Each structure stands twice: as structure tokens, then as C-alpha cells.
Amino acid sequence: MVDARKNAPEQPPAGGWGALNATERQLARQKVLVKGNRALLNMNKPGGFDCPSCAWPDPKKPHTAEYCENGAKAVAWEATAKRTGPDVFAAHSVTELRGWSDHELEDHGRLTHPLRYNADTDRYEAVDWRTAISEIGEHVRGLDPTRVELYTSGRTSNEAAFLWQTYGRLLGTNNFPDCSDMCHATTTMALPESIGVRKGTVTLDDWDACDALFIIGQNPGTNSPRMLGYLHDMAKRGVPILTFNPFKERALVKFTDPQSPVEMLTGRGQTISSNYFQLRTGGDIVAMQAIAKLVIEAEDAARAAGEARILDVDFIAEHTHGFDAFADYVRGLDWPTIERFTALTRDHLQQAADVYMKAERVIACWGMGITQHRRGGDAMQQIINLLLLRGNMGRLGAGACPIRGHSNVQGDRTVGINKTPAEPFLKRMDEAFHFTAPRAWGHDTAECCEAILRGDVDAFLAMGGNFFRAIPDTDRIGAAVPSIGLTVYVATKLNRSHLTHGRQSYILPALGRTETDMQAGGQQTVTVEDSFAMVHGSTGQLTPASPLCRSEPWIIAELAKASVAGRGAVDWDAMIADYGLIRDKIAQVIPGFEDYNARIQEPGGFHLPIPARERVWETDTGKANFLFVPGMMDEDDDVPEAPHLQLMTIRSHDQFNTTIYSYNDRYRGVSGQRMVAFLNQDDMVDLGVTEGDWVQFETVAVDGIERRVAGFKAVAYDLPRGCCAAYYPETNALLPLDHRDKRSNTPAAKSVPVRITRVDPGAPASSEPEVAEQRPSAVGPVPVA
Ligand SMILES: Nc1nc2c(c(=O)[nH]1)N[C@H]1C(S)=C(S)[C@@H](COP(=O)(O)OP(=O)(O)OC[C@H]3O[C@@H](n4cnc5c(=O)[nH]c(N)nc54)[C@H](O)[C@@H]3O)O[C@H]1N2
Ligand SMILES: Nc1nc2c(c(=O)[nH]1)N[C@H]1C(S)=C(S)[C@@H](COP(=O)(O)OP(=O)(O)OC[C@H]3O[C@@H](n4cnc5c(=O)[nH]c(N)nc54)[C@H](O)[C@@H]3O)O[C@H]1N2
Ligand SMILES: [Mo]
């Protein structure tokens, strides 16, 4: 059911009792109430484990309960008492399992045995580790390494990721498609052009000191809920919070802090966003430029009048390049065009500029609402331009703050998961392991998909994740997978990728981060890097789901021994007995990890060097660059009009990427279903669609390929005209593979041009369509907060 009134401003704040209830419910559903509660108390603490959910940093002095509702869900999901053993596969063929929903597949529980696909029976069957490893090793050994792909998902620890890239490079390939290629790769590629670093420049100390915050295209209430505690405190001390988002995300409107007894008792909550700008999808480039225009015009006026300067002219002169061209460009933008492309008024943008000009220390955060666009990198660079105008970079309380997704997605990149490795890194790899690493560039996620479509992939090995569900053009690419010779999936839970397999296929069960990892040298700790470049340890506490689960480093070492034995000088067994030796190698290869083993003992971990924090700019000009490309939105698209709309593919509150915890989206008033099309009321009128009608999406693409997904229930929602939304991954078949950010190949999942049509107008609105995802949740609805 969908209750669009849940989006109305008078609705109760996010967080509060609803969040606490949801936490306990998830623990109970997974039958892990006692174990789970104990695990939660150890989460994000020194000596405990890092939350397997998002990449928000841990404070130096954590609360007793340093976790959030969605972290608790992630732990319950991993610590579940449910199991998916060989009996499940004996009872169900792979073809049958494909009929299960994403929720049903994972909800069945943890994988317990190594499994091998048997084409004769169309079943995965248990196989012992030794056989699985030696068969995979032998298969891979015989292949052209440039036709092997090694995928990484961002839950992988630094230790596992470093071994994974060592293994790949010993094989002879730089093919490292990564989940971040669908996520913040836009930032990783565009930020260095502007300020010479691939990561954000701020730490929690800056958060404490900042006096205005921009939140652009990011939904912390669902995706990094621990950030909300900070927002709550900032709002309380009067720091203006400016949100740019087509959706009125409830937790960005009002939030009740579960740690505050008064708010919990009164249920009143704290207003979070001082200004909420519901701009049009993809309108961020123009919105940021329009604010910059107002700031620069105010500066022009102040200078003419001999008044105090508004820009940080010394900073601009000493530290930046390209200001004059940028200033001329934005001065020339006209208001009718700005308003048309942003769906914001001049008055709105003036409010934002006024806050910006008054503030001394500004932080700007961004997420997928910026990165997942054709011109995502351009949009990100406009955020940086705005910060540079008043020197909001490289000083306390100010800076750039991309909020990463997966808990170690940033660390995986740092330790070498990179298709275009730099020569100094490769040289140090050569020296550390006595071999010659391949120099030819490899594939990212999009290029891996293209190689699969061309028939140029012989083996696809995945360290976690759900690749064939998370990528764009899922149907088209999925159809090409059966021709791959070998697929290997290292995983904790069964998912749709495992059912999208090559001629030979294996599923290898991994330990989760919450679980104890015992090796010959005793219990092991791994490390992760958060969004603020802090590296810290994570030590699992729970009994492993099955005695046959193995750690990711162990699995990689065994695969390597079976397929690249004798190449280089690598003591795999010693490194597995003591992960400290892996960290020693990381310290030898990657700058910033000196004394790695000692420094992870510090509470909160240690910070990796970010030159831009010190106003050292490792760019082509040696300065921070004002960058812009003339033009308004994606490929200068005109503003969309019905029936052609821009589709944002979004996350519900009860999912973690392709992991669907339940069919509810509490903050958006959705329960018991995910096949929902969120539409603007006036667009609905133009489309001839009324609330509750069944609609289908069809991609407007020039490549002649038909992409269509049906079975969505239309819901009128508070969105700007021309914008619509539906959940990921149910909509991924609509995303054309080449519809992506031009620097990084990140799929433009927040602006898919679609045509919407009503399907079977005669059908009663209450009937449920015949699609797997639509089956109601086995666990029942969660009450709205
Ligand atoms: N519970 C939970 N936590 C998660 C995840 C999860 O799925 N569930 N995923 C993890 C991962 S891998 C990631 S990358 C992060 C993702 O976290 P976010 O970056 O928050 O990602 P999304 O929710 O996809 O989109 C963010 C917001 O962008 C808005 N948006 C869409 N288009 C535009 C636009 O054109 N402009 C602007 N300004 N806004 C726009 C959407 O309305 C949405 O509120 O979260 C991580 N944490
Ligand atoms: N349309 C659309 N597509 C998107 C996005 C979008 O917003 N819209 N977002 C994109 C983004 S930001 C991302 S990051 C990607 C995510 O893409 P992925 O990272 O590939 O996907 P996940 O859903 O996070 O992977 C879930 C699976 O990971 C496995 N797993 C969980 N924990 C562990 C572990 O500890 N070890 C191992 N080995 N396996 C584990 C489980 O088997 C689980 O089924 O999707 C992208 N795709
Ligand atoms: Mo992500």
C-alpha cells in the first residue's frame, strides 16, 4: 500500500520510536535477538567490528550504542540464524530459483557450503573446498588473463582487496570492475581535475566546526543514518543546512534523535534542513552555477561600491586557476533559463547564496544524486567551484565531502582496485612481490559489461556483491553470461547473480565481517577506510555461520596458489596465518600506510594524507581549478515533458543495494510493495494516469534496443515536473549501458529518459501483477513512524 500523505510536511519526524522498533523487529525476524543485540554493542567500537552497512566514520569517543537502524538491519541480515545449505539446492533447480524474488533469495539465510553448478541437473551441488579451488585454479591457469575479470564489491576489507589485486596482477590483468564504478567513480575521476585528490577533504573535526552545510543529492536518513546525529546537533546549534533534492526526504526535513530522551518523549523532533530546494533531476549543474553567479555579482557590486569583499580574493589569487573564465560564464547565465532547468526560482537561489555568503566555514556533501548522471563529474566540479569562491577548502570547518556507500568502497580503491594503475604503484608492486605487473589498462564495470556482450570474457570472478543485478542493461548483459566459460562468486548470501552463471560456476561461502576469523596465527583483524579517509581495525565477534565458511583473504590465497603458483615471490600461507604481514606489504606499496599495524591500535584509527587539506594541489596547474563546460544538463537535453520524463532509480529505506530487507519504505509511506512509480501530479494528468493505475516504463534511447519494464503502480508524489522515480534494482533493465558519466563510465541511474504508459486500463487497480518482486513480504509491514 502507498500512502502519499506520508510525504506531507505535517508527518511525524524520521528516526524516533519507528527506528528503534524497526531495529528490534529485524533482529527478531532473523531470529537473532540476543546474539544480535550483543553484536550491536560491539559495533563501531575500538576492538569491535566495523558496521557492514555504510561508510560513515566512527567517532573517537563512541556512544554506548554507536549504530543506527540500518546498521542493525545489516548485522541482523548477516548474523541471521537462517541457512541456505545444499538441501535448498537439491530441492530447487537454478531455473526454479530464478523465480524467487531478490528478497526471498537472500532471506533464505547464509550460504554454508562451497557449491558447483551441475548442468545435467541444473543444480548447484556441494563440493569440497579442495576440489573447488583446484578446478577453478586449473581453469583460470589456462586462460588469456586479459579475458578474465575480477569484480570487487565494497564490503571487502583492505587486506582482502589488496590480495585480490595482487592475485589479478600476478595473473596478468588490470581488469578490476568495481562496485564504485556504479557509484562514486564519478567523484574519483572528476575531483582530481579540480583539487588533485580522489577523496573528500574533511574529517569529523571539520563537521564540528562548520557553520553552513550543503547536502546535495544524498539521502542520509536511509543511507548513512549515523550522519543524522551530526545533522541533528548542527541544526540545534543553528547551523543552516541547505538540501538540494527532487524528493522531500523525510529525515532531511525533521528527525527525532533516538539518543535524546526529551525528543523521544515529546515526539517533536528537530527540523533538519533550514532550506529545502526541490530542484529538477540533473538540475544541479545550473543550480550551483546560479548560486555562484549571485555570489560573484554581489562581489562585483561590493567592489564597485568599495565595500568589504565577498570572495576570498587572496585564496583565489594564490591557490586557484580559471576564475575569470568561470566568473564570466556564470555572469552570462540568464534567469529564465536557470529557472527552467532547475525548477527553482531566483528567490530560492538567492536564499542559498545569502547563506553561503554569510557563512565562514562551509562543507558540501554529495551522493548518488550527483554522481549518477551523464554529466555527474561536471556537476561535482560546480560544487567545488562554489566552495573555492570563498576559500572553503583546506581550512578547519570547510571542504568537500563525498559520502561513499559501501563500508570499505573507498579503501578498496586505495589499496589498488583500479583498472588504470599509476606507474609508481606498479613499480612498488613489482618490488614487493618480485614480478612484473601488467601495464596495459584493464576494464571497469561498464567496459567489463561491453566485453561480456562482445564475447570477450572467459572467466568472471566476483569478490562479493551482486554484479549482474546491480549493473545497467541487466537483461541484455544477463543473456550473454551463459557463454562465459567460468563464473565464481564469493558470497555470504544467495543472490540473482549466482543464478546468472557461466558454463562452469561456483559459489564460495565467505565469512561476514561480524564473524571471528581464526587462522593459523590466531584470531585476525581486518581494516577498512571510511568516507573521511580514516583507517581502522575491525575484529569479528560472532561464531561463523558454518564451519565451512572461509575468510576472503584465505579464499584469494588458495585461488592464487592454485592458479599463479611460482609467479613472483609471495608467501601466501604466512600472510594468511597473520594478516599483519598483508598490512606490511600494503605499507610497502601504498603511501600513507607507514606503521600500519601500530597505527590501527589508535582509537578511531589513523587518517590518510589528503594534500588538498593542506592546500597542496596535485593538479595539472598546481592549483585548484575552476572547471566548467558550457551547457545546462545531460547532453544539453531539453527539459523533459510528459510522456518523456527523467527517471531516478532510488533506494527504499528497507534495502541495502540489491539486498531487499522488506517491501516497506517507511519514510516514503510505502508498505508491502516495491513496484511503485512515483509521479508528479500534473505529469499524471498529461499522461492520462490516475493514482493506482498500472504503468510501464520504456526507455527513450537512440540505439534501437527496446527496454521496457511493466507492473508498476502509479503514485502521485511531491516531485518537480518532468521527474519520476522507481526503485533499483527492479528498474535496471531500463538503463542503457552507454548512458553514463563520460569521465568514469558511472551509469546515469538518476536520469534515465523514459516514456510512461498506462497498461490495461480495464484492470482493477487492486490486482497484483504477476512479477516475482511484487509478492508481498513474508515478514509483514513495519508500522510507519
Ligand atoms: N540503508 C542503506 N544504506 C546504504 C545503501 C542502501 O542501499 N541502503 N547503499 C549504500 C551505497 S553503496 C551508497 S552509494 C549510498 C547511497 O546513498 P545516496 O547517495 O543517498 O544514494 P541514493 O539514495 O541512491 O540517492 C540519493 C538522493 O539523490 C536524490 N536525487 C536523485 N536525482 C537527483 C538529482 O539529479 N539531483 C539531486 N540533487 N538529487 C537527486 C534522490 O532523491 C535521493 O534522495 O548509500 C549506502 N548506504
Ligand atoms: N539503477 C541503479 N543501479 C545501481 C545503483 C542505483 O542507485 N541505481 N547503485 C549502484 C551502487 S551505488 C552500487 S555500490 C552497486 C552495488 O553493487 P554490489 O556491491 O555488487 O551489490 P550489493 O547489493 O551491495 O551486493 C549484495 C551481495 O553481497 C554479498 N555480500 C554481503 N556481504 C558480503 C561479505 O562480507 N563478503 C562477500 N564476499 N560477499 C558479501 C551478498 O551475497 C549479497 O547478496 O549498485 C549500483 N547499481
Ligand atoms: Mo554505492
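For ligands, and for the atoms within them, numbers begin at 1 and follow the listed sequence. As the structure is a prediction and not an experimental result, all values here were calculated from the model.
- Looking at T243 and S273, their side chains do bring a donor and an acceptor atom within 3.5 Å of each other.
- Within the 4.0 Å heavy-atom criterion, neither part of H184 lies near ligand 1.
- Checked by distance only, ligand 1 and T649 stay at 3.5 Å or farther apart across all their nitrogen or oxygen atoms.
- In this structure, of I507, D178, N466, the residue bringing a heavy atom nearest to atom 21 (O) of ligand 2 is N466.
- In this pair, Y489 and F468 present their aromatic rings perpendicular. The plane angle is above 60°, beyond the 30 to 60° band.
- Looking at Q381, Q382, H373 one by one, the single match for side-chain contact (heavy atoms from CB on, under 4.5 Å) with I285 turns out to be Q382.
- Partner of F277 under the ring pair (Phe, Tyr, Trp, His ring centres under 6.0 Å) criterion, chosen from F214, F244, F247: F244.
- The protein non-hydrogen atom at the shortest distance from atom 23 (O) of ligand 1 is N223 ND2, 2.8 Å.
- In this structure, a donor-acceptor pair under 3.5 Å is absent between the side chains of Y663 and S652.
- Checking N158, D530, T156 one by one against N408, the side-chain hydrogen bond (donor to acceptor under 3.5 Å, both in side chains) holds for a single residue, N158.
- Between the side chains of R280 and Q646, not a single donor N or O lies within less than 3.5 Å of an accepting N or O.
- Nearest heavy-atom pair, G377 versus A190, reported as atom, atom and distance to 0.1 Å: CA-CB, 3.6 Å.
- Shortest contact from atom 1 (N) of ligand 2 to any protein heavy atom: N732 OD1, 2.7 Å.
- Judged purely by distance below 3.5 Å, without hydrogens or angles, the side chains of R110 and S546 never pair a donor atom with an acceptor atom.
- Residue Y151 places a heavy atom under 4.0 Å from ligand 2.
- Polar contact check, S224 against ligand 1: no nitrogen or oxygen pair lies under 3.5 Å apart.
- Ring planes of W77 and H103: tilted class, angle from 30 to 60°.
- Of the listed residues (R469, E730, R496), just one forms a side-chain contact (heavy atoms from CB on, under 4.5 Å) with T658, and that residue is R469.
- With respect to the salt-bridge test (charged N to carboxylate O, under 4.0 angstrom), the residues R668 and E249 qualify.
- Taking atom 17 (O) of ligand 2 as the reference point, the nearest protein heavy-atom neighbour is A470 CB, 3.4 Å.
- The shortest contact between atom 45 (O) of ligand 2 and any protein heavy atom is with Y728 OH, 2.7 Å.
- Residue contacts with ligand 1 for N657 involve both N, CA, C or O and side-chain atoms from C-beta outward (heavy atoms, distance under 4.0 Å).
- By the 3.5 Å distance cut-off applied to N or O atoms, F247 is not counted among the residues near ligand 1.
- At least one N or O atom of G282 sits closer than 3.5 Å to an N or O atom of ligand 1.
- Nearest non-hydrogen protein atom to atom 30 (N) of ligand 1 is G369 CA, 3.6 Å.
- The nearest pair of heavy atoms linking A185 to T746 is CB-OG1, 3.6 Å.
- For the residues G405, S751, G221, the heavy atom positioned nearest atom 15 (C) of ligand 1 is part of G405.
- For atom 24 (O) of ligand 2, the closest non-hydrogen atom on the protein side is H406 NE2, 3.0 Å.
- The shortest N or O to N or O distance between N495 and ligand 2 is below 3.5 Å.
- Using a non-hydrogen distance threshold of 4.0 Å, T492 registers as a contact of ligand 2.
- Less than 4.0 angstrom separates some heavy atom of C183 from each of these atoms of ligand 1: 14 (S).
- Close N/O approach between S153 and ligand 2 is found [any backbone or side-chain N/O within under 3.5 Å].
- For ligand 2, the atoms closer than 4.0 angstrom to any heavy atom of G464 are 37 (C), 38 (N), 39 (N).
- Rounded to the nearest 0.5 angstrom, T281 OG1 and Q372 CD are separated by 12.5 Å.
- For ligand 1, the polar-atom distance check against F244 finds a nitrogen or oxygen pair separated by under 3.5 Å.
- At least one heavy atom of K750 lies less than 4.0 angstrom from ligand 2.
- Near P246, the atoms of ligand 1 lying under 4.0 angstrom from a non-hydrogen atom of the residue are 30 (N), 33 (C), 37 (C), 39 (N), 40 (C).
- When E249, M368, K248 are checked for heavy-atom proximity to atom 19 (O) of ligand 1, M368 turns out nearest.
- Residue contacts with ligand 1, taken as heavy atom pairs separated by less than 4.0 Å, involve D284 solely via side-chain atoms from C-beta onward.
- Between G465 and ligand 2, an N or O atom pair is found at a separation short of 3.5 Å.
- At a 3.5 angstrom cut-off on N or O pairs, T731 does not count as close to ligand 2.
- A donor-acceptor distance shorter than 3.5 angstrom exists from the side chain of T699 to the backbone of L734, with no hydrogens or angles considered.
- The protein atom (non-hydrogen) at minimum distance from atom 42 (O) of ligand 2 is K493 O, 2.8 Å.
- By the 30° and 60° cut-offs, the orientation of the rings of Y667 relative to H653 is tilted.
- For the pair Q372 and ligand 2, the shortest N or O to N or O distance falls below 3.5 Å.
- The ligand atoms of ligand 2 that sit less than 4.0 angstrom from a heavy atom of V490 are 37 (C), 38 (N), 39 (N).
- Contacts of I403 with ligand 1, taken as heavy-atom pairs under 4.0 Å, are absent altogether.
- Interface atoms of ligand 2 facing A749, defined by a heavy-atom separation under 4.0 Å, are 1 (N), 2 (C), 8 (N).
- When the heavy-atom distances from atom 8 (N) of ligand 1 to R651, M182, Q655 are ranked, the shortest goes to Q655.
- Atom 36 (N) of ligand 2 has as its closest protein heavy atom E552 OE2, 2.7 Å.
- Using a 30° and 60° split on the angle between ring planes, F467 and Y151 fall in the perpendicular class, above 60°.
- Between Y124 and H501, the two ring planes are perpendicular [angle over 60°; tilted spans 30° to 60°].
- Between the side chains of E106 and T659, at least one donor-acceptor pair of N or O atoms lies under 3.5 Å.
- Remark: ligand 1 and H373 share an N or O pair separated by less than 3.5 Å (distance only, no angle test).
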